[in-house]
2 protein chains.
Amino acid sequence: MSQPRTRIQARNQETILQAALDVFSATGFRGATLDQIADVAGLSKPNLLYYFASKEAIYTALLSGLLDTWLDPLRTMRADGDPVQELLGYVRRKLDLARDYPRESRLFANEILQGAPRMRAVIEGDLADLVAEKSIVLTQWMDQGRIARLHPVHLIFSIWALTQHYADFDMQVRAVLREEGRDPYPAAREYLETLFRKLLTP
Amino acid sequence: MSQPRTRIQARNQETILQAALDVFSATGFRGATLDQIADVAGLSKPNLLYYFASKEAIYTALLSGLLDTWLDPLRTMRADGDPVQELLGYVRRKLDLARDYPRESRLFANEILQGAPRMRAVIEGDLADLVAEKSIVLTQWMDQGRIARLHPVHLIFSIWALTQHYADFDMQVRAVLREEGRDPYPAAREYLETLFRKLLTP
DNA sequence: GGCGTTCTTGACGGGATGGTCAAAACAACG
DNA sequence: CGTTGTTTTGACCATCCCGTCAAGAACGCC
């Protein structure tokens, strides 16, 4: 049933995953209930379990389905572009992701916060590989004197931390800014651009 | 029973809160069970409920008890010190907190990630007030040309994001660094010091 | 329209979980 | 010791929640 065969299957699987994203990202795996997901999806609980074998299966289908989207901005960074522009572009794309897909960000945050019980393999594998690969590029740029010399992996961590913060701690960001419903992202974008320009200048 | 009256009460309440910190920080409020907490504390479940009215009461007692510790590093920042040194000191203290009290960090992260259902008031109140107060100091320093002009609140966000990242996403940090059990904090400290020095220089 | 397949659901089982209670164990103090 | 107040616990209850199942509804194809 993993590959949808009929139109109804495609539609309902998508509906279920969207509802599950809503609920899992808001309360974590343990906090979510099948009844809630069924409710949001507008389906009955047994119907959910007709399309997915278990609560766990819905959750892992979500995670693995979203992982590629999540890593794309880093993959897109090109070794043959202008280093500062490439990095600023990565920051910008990552911040756009935080703004446009906050549920996805919180889903991953929740998972990693609890020690990534269901993602450990992919983090230690694909993700670590990708970072290692990009670190080589960053180190080359530093060797060429085109950006400041910094620890490449901590540089990537800082991009993750600063961009995802706006999605994961959105509630706190808005409460502390006290700008009644105003979008915090334009100022964040400007701030992060300044920060990374200054940081990367040799 | 909130103020311990006997030695036994003081000891057991402390034992329970420590065990609860362990369990709540690892799995969130919904994910934690009283049986787990009782097990870690080495007490029976009814005994837990002799000292605290409910699971909820344990959780809120934890949160409010730890909040002061959590905000202290920011409070400690003095308006009459050297601006760059004060800010770097804040970064260092916050990073030390992440290293020495990761459970506390994850507890708060979990709570805010889920929209702070039990902390909204204090975030919109005390925390927002403290940030507003310190923002004034930061703005004065900028007006005097002693640090670069930046959005003061986003500057504080960036300190939170960059330091707490090492506690909250510890699993990912260690997996991506691939340095088998090596302490990531020395390099983090050096990286963050460089980052903020460059950022704050006018 | 008839018929096999796919989809949907009400009712239910079983285990986990927060919380109660009454009685037993223990401590403190005369 | 004996009495009084504190602490501890085994047994239990009610509810929640994941997952099952059998039967019915809808669909697709002839």
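The sequence lines fix the lettering, A, B, ..., with proteins before strands; numbering per chain opens at 1.
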Donor-acceptor pairs are to be reported for all side-chain atoms of residues 89-96 of chain B against protein atoms at under 3.5 Å, with residues two or more places apart or in another chain.
residue, atom, partner, partner atom, Å
Y90(B), OH, W160(B), NE1, 2.8
R93(B), NH2, P73(B), O, 3.0

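- You'll find that the side chain of Y51(A) is closest to dC7(C), out of dT20(C), dT7(D), dC7(C).
- Of the listed nucleotides (dC7(C), dG19(C), dT8(D)), dT8(D) has the atom at the smallest distance from the side chain of Y50(B).
- No side-chain donor-acceptor contact under 3.5 Å links E86(B) to the backbone of M77(B).
- Which of dG18(C), dT9(D), dT9(C) sits closest to the side chain of K45(B) comes down to dG18(C).
- Open room surrounds OH on Y101(B); 12 or fewer heavy atoms of other groups in view lie less than 6.0 Å from it.
- Screening D126(B), D129(B), D68(B) for a salt bridge (charged side-chain N to carboxylate O under 4.0 Å, His left out) involving R75(B) leaves a single residue, D68(B).
- If you take CZ of R7(A) and C1' of dT6(C), they are 14 Å apart, rounded to a whole angstrom.
- Of the candidate nucleotides dC21(D), dT8(C), dT9(D), dT9(D) has the atom nearest to the side chain of N47(B).
- In the set dT9(D), dG19(D), dG18(C), the nucleotide with an atom closest to the side chain of P46(B) is dT9(D).
- Here the nucleotide nearest the side chain of I8(A), chosen from dG19(C), dT8(C), dC21(C), is dT8(C).
- Interface residues of residues 18-35 of chain B facing DNA chain C, ordered by number: A32(B), T33(B), L34(B); criterion, heavy-atom separation under 4.0 Å.
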Side-chain donor-acceptor distances from residues 107-114 of chain A under 3.5 Å, at least two apart:
residue, atom, partner, partner atom, Å
E111(A), OE1, Y59(A), OH, 2.7
E111(A), OE2, R118(A), N, 2.7
E111(A), OE2, M119(A), N, 3.3

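- Residues E56(A) and G42(B) both approach DNA chain D. Their nearest nucleotides, taken by heavy-atom distance, put G42(B) toward the 5′ side.
- At least one donor-acceptor pair under 3.5 Å links the side chain of K55(A) to the backbone N or O of F29(A).
- For the pair I16(A) CD1 and dC7(C) P, the interatomic distance rounds to 11 Å; values are reported in whole Å.
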